[in-house]
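Taking it in order: structure first as structure tokens, then the write-up.
Below, chain A is the first sequence line, B the second, and so on; all start at residue 1. None of these values were measured; they are calculated from a predicted model.
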Amino acid sequence: MSPAVSLSSAVREAGAWPFVEARKILARIERTGQKEVLFETGYGPSGLPHIGTFGEVARTSMVRHAFAVLTGEAIKTRLIAFSDDMDGLRKVPENIPNRELVAAHLGKPLTQIPDPFGTHASFGAHNNARLRSFLDQFGFDYEFASATDYYKSGRFDAALLRMLARYDDVMAIMLPSFRQERAATYSPFLPIHPLTGIVMQVPLEDIDAGAGTIAWRDPKTQERFITPVTGGHCKLQWKPDWAMRWYALGVDYEMAGKDLIDSVKLSGEIVRALGGTPPEGFIYELFLDEKGQKISKSIGNGLTIEEWLTYASPESLSLFMYQKPTAAKRLFFDVIPRTVDDYLTFLDAYPRQEPKEQLGNPVWHIHAGEPPPPEVLRHAGRGTEISFGMLLNLAAVANSEDPQVLWGFLRRYAPDVSPQSHPRLDRLVSYAVRYFRDFVRPNKTYRLPDETERAALVQLSDMLADMPESASPEDIQSALYDIARPIPRYQDFGAKGATPERPGVSNEWFNMLYQVLLGESRGPRFGSFIALYGIAETRQLIADALAGDLVRRHAEEHAPQAGRGRA
RNA sequence: GAGCGCGUAGCUCAGGUGGUAGAGCAUCUGACUUUUAAUCAGGAGGUCAUGGGUUCGAAUCCCAUCGCGCUCACCA
């Protein structure tokens, strides 16, 4: 059996969810005989890209890639990113300049509202540009589509006329989902007011399927209008809009969050009423914040994509999106280190896996079948991958947000490594020091030394003053022991090799140094720490500790807003 | 009212298509005492929420129950 054949059988049986989805699409096209498959992701008018946007496109791309491999690339695939930029603006966003400018155009399609940022032809065009640059920064492969363009160009006309012809069927599907008062005024067609340009939510007085028009009345002036449903003179309400788009474009696959289950169902029924077939679907669970609440842009809870990318790579975020899309997951700062290390573990395992296992490895899906080789450090003849957790630990004990200090530790372990030879590790170091700065250091607890400890620290500082800046870690370590040995509190007569004349030194000595100087309950080999951190710097650290500055500064910097460390 | 998810070690969670319960942290023991936590070795800890069903065999599939949580029912 050739590798290609065994791989294809593995692909047909692969249990990873993108393959399960891909097989759904394969079964669909085997029924229809079509030679092209269209994936869609959609974006609402409130418009700005967020972490869920990333998740939806990343997941859809994973399915798309699995499908391409499953079919041996014999079937062309496209991913369309559809922007609802013709929706009427319902309220002025809080986070924009020139709010009064926008307020004057409330109710109009986004593409008919001036750009409050002054950089694009319209507010809608501005948001579209933001969306596209967002998607582009991750290298997603997609085609952008504007609802305004599609409506105005006539690409939707045939489907719009068909919906008008099936008006009664559409209403029969929609009306039961409303309460009585809403049902009385509902219309799937929203005419654009020919005088004001506003997207009108008004009851229809008449429809003329033959002429392709609807009749309605301006509620303020009572003037009656007859408007064609075609040519961008009219748009559709949300659920019929979605259905019409599926029907008009022939969308084969679109995923949606759990909050849209009812919409998917109703839109699917409408597609059938039009005589089409709804796309294959996938419902993913929502993300929750640390308290289990739905993440909402308006509330501002949870984690933004900017925050994730401050502390970890896009690949690690892809992993988060890959894992268990149907289970609700907390999306908060503390999941980042774990996700990063999971990603590194999967990357590390990939080269050792059989092809069949590789198809189930998330990095295969994250990197479109071609994950990069892991970066390992060579030490004592074997390779080790440095984890994010390890780097956080190093940053914590070194109490440093300087990447160079961490690299110092790394080079001591594997002398030949550098940011140049290990660029991804270098980025990992940068992420780690930021995470340390914002989440680890605020949780340090420094304490003041008592009299005995003060005396010992003064002696330590004096001792260091006599040592050359180039002193070896071993020499410093020996000197540390000699400082503590005569101090009764730190003597340990039970230590191996200890004699009554020459007692051992207990760990209490080092624990005190960690607590007073580093704000940690444990720490690095202290002689090594001083050699790396610098003798003069360590003496300054001791001076600060004796003056109470470490305790005071830490309290000033971190006490008021503990927890959420956005710098 | 409708729908969805979750329940596995003290904690946080992994555990495609059924085949003797796993990791990290925490904890305990031991090794090493001019020594360490970027070390090594080992241990303990779970009726996999509960009750049924299918099966030679169920954490896994099916049904029911309990508990927790979320979403939708105005708009998108």
- side-chain hydrogen bond (donor to acceptor under 3.5 Å, both in side chains) against Trp364(A), all qualifying residues, sequence neighbours excluded: none

- Lys258(A) (side chain) and C70(B) (base): donor-acceptor pair under 3.5 Å: yes

- Item | Any residue meeting salt bridge (Lys or Arg N to Asp or Glu O under 4.0 Å) with Asp482(A), in chain and number order, not counting sequence neighbours | Arg485(A)

- Item | Gln323(A) side-chain N/O to A14(B) phosphate OP1/OP2 under 4.0 Å | no

- Item | For atom CG of Leu260(A) and atom P of C72(B), their distance in whole Å | 9 Å

- Query: Mind checking what makes side-chain contact (heavy atoms from CB on, under 4.5 Å) contact with Ala183(A), not counting sequence neighbours?
  - Reply: Leu175(A), Phe178(A)

- Message: For a quick test of reading the model: is some side-chain N or O of Arg338(A) closer than 4.0 Å to OP1 or OP2 of A23(B)?
- Response: no

Atom pairs and distances, donor-acceptor, side-chain atoms in residues 318-328 of chain A, under 3.5 Å, two or more places apart:
{"unit_1": "Ser318(A)", "atom_1": "OG", "unit_2": "Pro314(A)", "atom_2": "O", "d": "3.4"}

- Item | Residue list, salt bridge (Lys or Arg N to Asp or Glu O under 4.0 Å) with Lys235(A), at least two apart or on another chain | Asp87(A), Asp241(A)

- Message: My validator wants the stems of RNA chain B: runs of 3 or more consecutive Watson-Crick or G-U pairs, both distances under 3.5 Å, written as range with range.
- Response: B:1-7 with B:66-72, B:10-13 with B:22-25, B:27-31 with B:39-43, B:49-53 with B:61-65

- Note on the structure: Trp509(A) CH2 to U36(B) P, in whole Å, measures 17 Å

- Task: Could you tell me whether Asp341(A) contacts a base, only the sugar-phosphate backbone, or nothing, with contacts defined as non-hydrogen atoms closer than 4.0 Å?
- Result: nothing

- Item | Whole-Å P distance, G69(B) and A76(B) | 31 Å

- Considering only atom P, compute the distance from G67(B) to G45(B) and round it to an integer number of Å. 32 Å

- Message: Tell me the interatomic distance from Asp342(A), atom CG, to U12(B), atom C1', rounded to whole angstroms.
- Response: 12 Å

